[in-house]
Amino acid sequence: MSGICNFIQNTKYFKKSFKNYLRINISLYKYFFIDNPEIIKKKIKSLCNKLNIFGRIYISYEGINIQANILKKYLKIFKKKISNIHKDLKNIYINIGIDNSKISFNTLSVKIKKNIIFDGLQSFKLNINLNNKYLNSKKVNNLLYNKEAVFVDIRNNYEHKIGHFKNAILMNTSIFREQLQKIFQYIHKYKTKKIVLYCTGGIRCEKTSLWIKSNGYKNVYQIRGGIIGYINDCIKNNNSIEFLGKIFVFDLRLYETVTKDILSYCDQCNRKSDYYVNCINNKCNLLFIQCLLCSKRYQSFCSKKCYIEFHRK
Ligand SMILES: [Zn+2]
Ligand SMILES: [Zn+2]
């Protein structure tokens with residue numbers, strides 16, 4: 001029987017059909033004015049249903065934010081169709097996931113939100129002429145070892161803990177809104193230097209860039225496509241990858257591996273580890289780092305208390 005299976009797997013037919021079902025993880029966003037988010041929502045939802053796309057999509061008066069999982073063979077069609085939905089979506093930049101061995105989403109959710117990423121900047125009006133300065137991987141690598149430049153990680157502590165650029169400023173915050181409030185505490189010493197912002201896919205840097213420029217910072221740059229864009233650009237152009245560890249992602253996968261460096265520690269025993277788990281006690285659901293030894297000892301519980309509470313039911 002296995003002989004037949006091997007035979008089938010080696011046929012051209014199998015290889016072709018496997019390719020047909022290959023799914024990839026993508027992300028894309030854009031800040032632009034949308035008069036009627038309902039119409040855009042309908043169009044995007046119908047496109048996703050037609051192309052069998054799963055994901056989490058936010059639409060607002062200020063733009064769109066799409067994290068999705070798509071059949072690779074449909075990527076070209078998707079790019080074309082999304083460009084036709086609105087003139088400002090023409091040639092939109094699409095980030096392709098680094099690790100596509102696991103899928104990011106298995107359902108589709110399309111929602112209208114006040115912001116495409118909540119920033120809490122109520123009095124700060126977004127200028128649509130972003131005019132932000134974007135860096136490719138070659139420029140990033142040059143600036144990483146330049147004393148005149150400072151890298152600022154625009155992500156939360158649980159994200160940068162498992163992976164970041166060497167020597168980057170890491171903020172101790174747990175939500176984006178908090179970062180925008182606290183960022184000046186971290187960067188005020190570097191007002192005259194080149195400030196390079198980065199986040200996972202680039203979206204958080206768009207507003208952060210405007211926000212800090214409106215507070216008097218002049219030399220502000222951001223990485224095109226964030227860390228994911230940087231890695232893909234390094235691979236494409238054969239540049240060395242200077243990012244260490246893993247990229248935290250907000251989907252089923254929890255992370256994408258970039259290098260084997262382990263930068264963080266087990267929350268239960270302090271051994272080096274970077275495996276995130278959610279506490280299996282759903283009343284707790286805490287996101288924490290657990291090493292393999294502790295995973296054997298405590299299973300997927302964050303504490304003895306959660307273990308007892310869960311088994312009491
Ligand atoms: Zn441990
Ligand atoms: Zn727990």
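Bear in mind that the values here come from a model prediction, so they are computed numbers and not experimental data. When a ligand or atom number is given, it counts from 1 through the structure's own listing order.
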* To do: Look at the aromatic rings of Tyr158 and Phe250 and report parallel, tilted or perpendicular, splitting at 30° and 60°.
  => perpendicular
* Would you check if the distance from the ring center of Phe54 to the ring center of Phe105 is below 6.0 Å? => no
* Geometry at the Zn ion (ligand 2) - Cys284 SG versus Cys279 SG angle, rounded to 10 degrees -> 110°
* Structure fact -> The SG(Cys306)-the Zn ion (ligand 2)-SG(Cys302) angle, to 10°, is 110°
* Distance-only polar pair, side chains of Gln179 and Asn156, donor-acceptor under 3.5 Å -> yes
* Structure fact -> SG (Cys291) to the Zn ion (ligand 1) to SG (Cys269), nearest 10°, is 110°
* Asked: Strictly by modelled atom types, are Asn141 and Glu242 linked by a side-chain donor-acceptor pair under 3.5 Å?
  -> no
